[in-house]
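Working notes, beginning with the structure itself.
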Amino acid sequence: METLICQSCGWPFVPANAGTNRDKSVNTDYCRDCYKDGAFVDKSLNLHQLEIKLLEMAEVQEDISLEEARQLIKKLPELKRWRMDNI
Ligand SMILES: [Zn+2]
C-alpha cells in the first residue's frame, strides 16, 4: 500500500489515515492526527513541542527507534507546515 509522509508530524501514514479538508474531502498532505476538517488538530503546536512528542513516542512505541525519531526530527523543517515561509 502507498505510504505518505505527514507534512506536519513527519510520520508515515497510509491514505486511509489521511487528514480531511473542511468539505470532508481527503487531504493527503497530513495525517488524521494532525489535520482534521480543514484545520490543524493542535494549532498551538510548535516545532520544539513536536520534537519532544516524537522522542516520547519513540520511547513507548516499538515501531520506531530513538535513532529513527532523531532522523525524523532532522527533517521536520523541510515539511510543509514548518518551512520558514509558512510561519
Ligand atoms: Zn501528522
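All ligand and atom numbering here is 1-based and tracks the order in the structure.
By the 4.5 Å heavy-atom criterion applied to side chains, V41 and C34 are not counted as neighbours. Side chains of Y30 and L4 form no contact here, defined as non-hydrogen atoms less than 4.5 Å apart.
Under the 3.5 Å distance criterion, with hydrogens and angles disregarded, no donor-acceptor pair is assigned to the side chains of S44 and N46.
Between the NZ atom of K36 and the CZ atom of R32 there is a distance of 8.5 Å, given to the nearest 0.5 Å. Note that the CD atom of E56 and the CG atom of L66 stand 11.5 Å from one another [nearest 0.5 Å].
Remark: R81 qualifies as a cation-pi partner of F40 under the 6.0 Å distance and 45° angle criteria applied to the six-membered ring.
Counting only protein N, O or S atoms, 4 lie closer than 2.8 Å to the Zn ion (ligand 1).
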